[in-house]
Amino acid sequence: MGYSFKNIEKKWQDKWYSEGTFYAENNTSKKKWYGLIEFPYPSGQGLHVGHPRSYTALDIIARKKRMEGYNVLYPIGFDAFGLPAENYAIKNHVHPKVVTEQNIKHFTDQLKALGFSFDWSRVVNTTDPNYYKWTQWIFVQLFKHGLAYKTTMPINFCTGCKVGLANEEVVNGVCERCGSPVVQKEKSQWMLKITEYAQRLIDDLDEVDYLEKIKTQQKNWIGRSEGAEVKFKIVGHHKELVVYTTRPDTLFGATYMVVAPEHPIIKELESEITNLEEVQTYQKQAQLKSDFERSELNKEKTGVEIKGIKALNPLTNTEIPIWVSDYVLITYGTGAIMAVPSHDTRDWEFAKKFNLPIIQVIESIDKNTICDIEKEAFTDVATGRLINSGFLNGLSVEDAKKKVIDCLEENGIGTRKVNYKLRDWVFSRQRYWGEPIPMIYCKQCGWVPVPEEELPLVLPDIEDYEPGENGESPLAKHKEWIKTKCPHCGKDAQRETDTMPQWAGSSWYFLRYMDPHNTEALASKEALNYWSPIDWYNGGMEHTTLHLLYSRFWHKFLYDIGVVPTKEPYAKRTSHGMILGANGEKMSKSKGNVINPDDIIEEFGADTFRVYEMFMGPFDQTAPWSMESIRGCNKFLDRVWNMQEFLVDGNSYSPEFEKMMHKAIKKVSSDIEEMKFNTSVSTFMTMTNEFYKQKRINKAEYSTFLQLLNPFAPHMTEELFEIIGSKNTIANTPWPTYDESKTIDDEIVVPIQVNGKVKATISITLDSDEDLVAQKVHENQSIKNAVADRTIIKEIYVKNKIYNIVVK
RNA sequence: GCAGAUGUGGCGGAACUGGUAGACGCACAGGACUUAAAAUCCUGCGAGGGUUAAACCUCGUGCCGGUUCGAUUCCGGCCAUCUGCACCA
C-alpha cells in the first residue's frame, strides 16, 4: 500500500482553501498570534529552495499556535517592484508589469504546492496602486515632517550604458552588463533622515526579543561613537578646519591633517594652494574610483600634500601640513581628520609612506606590552598613559579624554560630540519600475507634495521604459506626464521623475496584512491595535542592516505621528541560514548547482521537502543541499505511512511507551519554540523506530504522533488521521499536552569517572542517597580495578549526574 | 581592513545550566525476503591497539595554552572557512 502524495497533497490543499481553515479573522475577542516571513521578490527563476526553509519554519510555528488556540495571522505577499524585472523587460522587450504578473502567478502556484498555511485572502502586492497609494502617503508624511529632503549625492554611472547603476551592478569597478568603467556622478537625490532616529534605533533594541547577533550587528551598523569635534586654525587665515576624533587625548601627537578629496575647503582656499593642479588631479582620480576600489583590501595609501596652506595644532601651536587622501571619507564625521600616526594604524601607514613625523604621546604602563611606534602604531587604550602631552601627562586615556575635552570647550576650540556611522537613506532611483515619488517642483513654491486625495500617483503605463541619457529616469522622457500644475499656487510645475527604491514597499507591508482591503487608511485603527506588534518575524541575516533597520525607522515615524500603536514593529526576530548547493557553494546558475523546488515536489512531494529542509541542519546556520539526505526523509515518511499496519485496538500502553510519548510531546513542543526543528525530526524518527520494534501502536498513540508531526508534514498526517477514523482535521484539534511526572525516569544510569575519565556506569534510583551511591560505586569491579594501588584524594558526586573519584 | 558567524566520524549533524562525545539521518558492510534486482525489514559502523570472540587499553570535537575533580561547552592567543560592508578616524 504505497503513499500517493500527488493526489493526497492536492486533496488537502484544496480542502484547507475551500474550508478557509487558515483564514485569520479580525476578531478582537480572540487571543492573536501574528507570524511573519519576508515576502518574496517574484523573480523570473521562480521560488528558490531557500524560501521554503523560512516559510516552513514559521508555518510549523503558526500551525502549532493555531492548535494551541490562537487566532493566527500568517500572511504572504509579493515585493514586486525592482531592478531584475526592469532589466529583464529591457532585454526581452516585455513590459515589467507583464513579467511581474507572470512571476507572481508562478510563485503563487509554487507556494500553494508546498502547503503553507497562509491566509490567501490577504495577499499584498507592492506594485498594486491600491497598495503603493499608502507607500506614497507615508513618503508625503515624511516630507511634511521634515524627514525627506533633496541633496546632491554621487551615483554609480556606467560610461557605456549611460545609466545609473546600483552597487550590486558594479563588479570590480566596471558595469556588470557591458564591462565599461563606472564613475561617480553627482545627482540630486531624495534622502530620508534615518539618522535622526539613530539613537532610538539603538535604545529600543532593549525592548525587543531579537537574536543577540542581530542586535549586535544593528548596533555596529548604526555605530555610535563618543568623541570631540576640534577646530584647527588655518595659518594666516580666518578659516578653520573642523575634525571629528574619538581620541582627543592624542591631540598632542597630531602631526598632520587629512581631508577627503571631496572636502569643500580645497575649493574655498583654491587661490592659496601652490600645487593646485596636482591636488585637482588627485581629486579626479578619486572620483573615478568606485566604492569597491576605495575599500579594496590591503590597499596602498595614496595622497597629496596640499601645499601653500598649513594648519595649527591648537594645543602645541605647531604648524602641521594638510594632506588630501581617499582613506578619509566625506560621508563620515566632518570629512577631515587630525592624524596621529603614533596611535592610529591607518595614520601610521600613511605617515610611514610619506615620511611624516610620528610623535609618541602614549606609553604602556604594562611592561609586557610591546610599544614600539617605529614598528607599529600603539592603539591599546586600556594600558595607555599619556606622555609628551603637557597638562595631560601621567593620565590614563580615559581621564585624558575628559580633561582635554573640558579644556577644548573652555577655550572654544572644540566640543563633545556623539557621532554615528549610519548615513541618511538615499531614496531616489532613476528607474521606471518603482513607486513614483509623489512630489511636484514649482519654481515659486519649491517642492510640493501631490495632494493626498490625488494618491495614488499611478506609474504611467508607458512603452518606453528604457533609461534615458545621462542617468535620467525613464519617466523624464514623458513630457506629458511631467507637466502639471503646482498644487499650491496653481502655476505650471513639474513632477519628480525618480521612483522609490525597492526597500520602500517592504518597509511597511506587515501593516497592510492586518487590513489589506482598506480604502480609507493603510489599515484600520482596530486592526492595527489588535494585530500589533508582530509576534515573530523570521528572515535572512542579509536583511539585518538594511530592510530591518529601514522598516523599524518607518514604523517609529508612524508611531510618532499616531498611525501605529507600538514603538517597534517586531516583538521577536530570528534568522535562517542560507541553503548552499551540494558542493557547499552558494547556488547560482553559473555554478550549475541550482536545485529547482518544482523538481523536488514532483519527485518526493511537499511533505518530504518540508521535513528535509527542517532536518538538514540547525535552522540558523548555512546547510548544503543533499539529494541522498532528502531520500532518507522520504523513507522516513513512508515508514510513518506504513505504520498504519501496526494499528491495534484498545489500551496498549506499556509504561515505557507512555513515557516515550510524554517525553516526545515535551521535546517537540519546546524544540518548535526554539526553532530546533532538526532535533524534532530526529525525535520523530526515533519514535518511529520504536514503533517498528514493537510492531504495535494504538489509536491514541498514533493520533498523538500524527498531531506532533502535522506541522512538519501536514498532508500525509491529515490523510492518516482521516484513515484511522478521526472526524476532525488535525488543524482543528488541540495541541497534545504532557504530564511532567511522566517525562522523568525513576531508574537512571550514572557514569563513574576516575580522574575525569569514565570507567563504569551504575544504575540507581532517582534522587538516591549519596552514601548509597558511594557504596554502589565502590562495589563496582571496574572501579575497584581502576583505583587499586592508588590513593583516593577526593570523591565528587553531582546528584543524579556523575560520580568522580580523584586518585594519585 | 572592519563587522557578524562557523569549525565535532567518510558526509549532514546531536550533546540540557561545565558532567558517559558521536543521538538521528546518509553512505558503507553483512543478513532476511526474492528466480533475480529494486523496494522493504533486521544487524553492525570514530581511529589505533588487543582478543578465537569478548573484556580491556590509548587517542579523539580546527591549532596552542589556561581555569576545573571534569571542557565540544568557560577564558586568552592563533589558523581556516562563510556572509555582509561604508578604510568610520
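Both backbone and side-chain heavy atoms feed into the values below; hydrogens, waters and symmetry mates do not. A note on names: the letters A, B, ... follow the listed sequences, proteins ahead of strands, and every chain is numbered from 1.
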- If a protein heavy atom is under 4.0 Å from the base, mark B; if only from the sugar-phosphate, S; if neither, -; do that for nucleotides 11-22 of chain B going 5' to 3'. -BSSS---BBS-
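- As judged by a 4.0 angstrom heavy-atom cut-off over every strand, S626(A) is placed among residues making no nucleic acid contact.
- Atom name C1', nucleotides G77(B) and U83(B): the rounded distance is 25 Å, in whole Å.
- By the 4.5 Å heavy-atom criterion applied to side chains, E349(A) and T345(A) are counted as neighbours.
- At whole-Å resolution of the value, CH2 in W221(A) and P in C85(B) are 7 Å apart.
- Pair check for A32(B) finds U40(B); Watson-Crick or G-U wobble, both atom distances under 3.5 Å.
- Taking the C1' atom of each, G13(B) and G4(B) are spaced 23 Å apart, rounded to whole Å.
- Pairing of C45(B), defined by two Watson-Crick or G-U wobble distances under 3.5 Å, is not identified with any nucleotide.
- Across all strands shown, G60(B) remains unpaired; no Watson-Crick or G-U wobble contact has both distances below 3.5 Å.
- Here the C1' atom of nucleotide A23(B) and the CE atom of M685(A) are 12 Å apart, to the nearest Å.
- Within the structure, a side-chain polar atom (N or O) of R346(A) is placed less than 4.0 Å from OP1 or OP2 of C88(B).
- The glycosidic torsion of G7(B) lies more than 90° away from 0, which places this base in the anti conformation.
- Straight-line distance between the P atoms of G62(B) and G44(B): roughly 28 Å, to the nearest whole Å.
- Rounded to the nearest Å, the gap between the C1' atom of U72(B) and that of A21(B) is 8 Å.
- If M338(A) and S782(A) are placed on RNA chain B by their nearest nucleotide, the residue sitting closer to the 5' end is S782(A).
- Across all strands shown, U20(B) forms no Watson-Crick or G-U wobble pair with both distances under 3.5 Å.
- For A89(B), the OP1/OP2 oxygens have a side-chain nitrogen or oxygen of Y332(A) closer than 4.0 Å.
- Atom NZ of K757(A) is surrounded by 12 or fewer heavy atoms from other residues, nucleotides or ligands within 6.0 Å.
- When both distances must be under 3.5 Å, the Watson-Crick or G-U wobble mate of U83(B) is A3(B).
- Partner of I222(A) under the side-chain contact (heavy atoms from CB on, under 4.5 Å) criterion, chosen from T545(A), I202(A), T195(A): I202(A).
- For the pair E212(A) CD and U6(B) C1', the computed distance is 18 Å after rounding to whole Å.
- Atom CZ of F677(A) is separated from atom C1' of G25(B) by 18 Å (rounded to the nearest Å).
- When atom types are taken as modelled, the side chain of S782(A) and the backbone of A760(A) share no donor-acceptor pair closer than 3.5 angstrom.
- Only the P atoms considered, C75(B) is 13 Å distant from A5(B), to the nearest whole Å.
- One interatomic measurement links the two molecules: CG of D620(A) to P of G7(B), which rounds to 10 Å at whole-angstrom precision.
- Pairing partner, C88(B): none, since no Watson-Crick or wobble contact has both distances short of 3.5 Å.
- Among the atoms of the strands shown, only primed sugar atoms or phosphate atoms (P, OP1, OP2) are found under 4.0 Å from some heavy atom of G632(A).
- Considering I762(A), D767(A), L766(A) in turn, I762(A) is the only one that fulfils the side-chain contact (heavy atoms from CB on, under 4.5 Å) rule with I764(A).
- Using a 4.5 Å heavy-atom threshold, the side chains of P751(A) and Y803(A) count as separate.
- The side chain of N220(A) places an N or O atom within less than 4.0 Å of a non-bridging phosphate oxygen (OP1 or OP2) of G4(B).
- A salt bridge does not link E542(A) with K586(A): every distance from a Lys NZ or Arg NE/NH1/NH2 to an Asp or Glu carboxylate oxygen is 4.0 Å or more.
- As rounded to the nearest Å, G60(B) and U51(B) have P atoms that lie 24 Å from one another.
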Would you list the protein and nucleotides 39-50 of chain B atom pairs, both N or O, that sit under 3.5 Å from each other?
| unit_1 | atom_1 | unit_2 | atom_2 | d |
| --- | --- | --- | --- | --- |
| C41(B) | OP1 | R639(A) | NH1 | 2.5 |

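- In this structure, a donor-acceptor pair under 3.5 Å is present between the side chains of Y282(A) and T302(A).
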Identify each atom pair where a protein N or O and an N or O of nucleotides 71-78 of chain B are less than 3.5 Å apart, giving names and distance.
none

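- Taking atom P in both A80(B) and G25(B), one finds a spacing of 37 Å when rounded to whole Å.
- When rounded to the nearest whole Å, the span between CD of E542(A) and P of A5(B) equals 16 Å.
- Proximity of F252(A) to I359(A): side-chain heavy atoms (C-beta onward) are nowhere separated by under 4.5 Å.
- Counting only heavy atoms from C-beta on, K759(A) has its side chain closest to U58(B) among A27(B), C69(B), U58(B).
- One finds no side-chain N or O of K213(A) lying less than 4.0 angstrom from the OP1 or OP2 phosphate oxygen of G4(B).
- Taking every side-chain heavy atom of T216(A) into account, G4(B) is the closest of C24(B), A86(B), G4(B).
- Note on K586(A): a side-chain N or O is less than 4.0 Å away from OP1 or OP2 of G84(B).
- Between P618(A) and Q621(A), the closest side-chain pair of non-hydrogen atoms falls below 4.5 Å.
- Under the side-chain hydrogen bond (donor to acceptor under 3.5 Å, both in side chains) criterion, K742(A) pairs with E658(A), sequence neighbours left out.
- Checked against side-chain contact (heavy atoms from CB on, under 4.5 Å), W625(A) has the following partners two or more places apart in sequence or in another chain: V49(A), I579(A), M587(A), I595(A), I600(A), F609(A), Y612(A), E613(A), M616(A), M627(A), I630(A).
- Remark: P of A89(B) and CG of D249(A) are 14 Å apart, rounded to the nearest angstrom.
- As judged by a 4.0 angstrom heavy-atom cut-off over every strand, K794(A) is placed among residues touching the sugar-phosphate backbone only.
- Mapping V806(A) and L422(A) onto RNA chain B by nearest heavy atom places V806(A) at the nucleotide closer to the 5' end.
- For A14(B) and A23(B), the P atoms lie 13 Å apart once the distance is rounded to whole Å.
- For the OP1/OP2 pair of C59(B) and a distance below 4.0 Å, the side-chain nitrogens and oxygens of K757(A) include at least one atom meeting the criterion.
- Salt bridge status for K666(A) with E740(A): present, with a side-chain N to carboxylate O gap under 4.0 Å.
- Under the rule for a side-chain hydrogen bond (donor to acceptor under 3.5 Å, both in side chains), T245(A) has no partner lying at least two apart in sequence or in another chain.
- The residues D745(A) and K663(A) are annotated as salt-bridged, a charged nitrogen and a carboxylate oxygen being separated by less than 4.0 angstrom.
- The backbone N or O of M541(A) sits less than 3.5 Å from a side-chain atom of T544(A), completing a donor-acceptor pair.
- M541(A) places its CE atom 10 Å from the C1' atom of A3(B), with the value rounded to the nearest Å.
- Applying the Watson-Crick and G-U wobble criteria (two distances, each under 3.5 Å), A14(B) pairs with nothing in any strand.
- In this structure, G70(B) makes no Watson-Crick or G-U wobble pair, since no nucleotide meets both defining distances under 3.5 angstrom.
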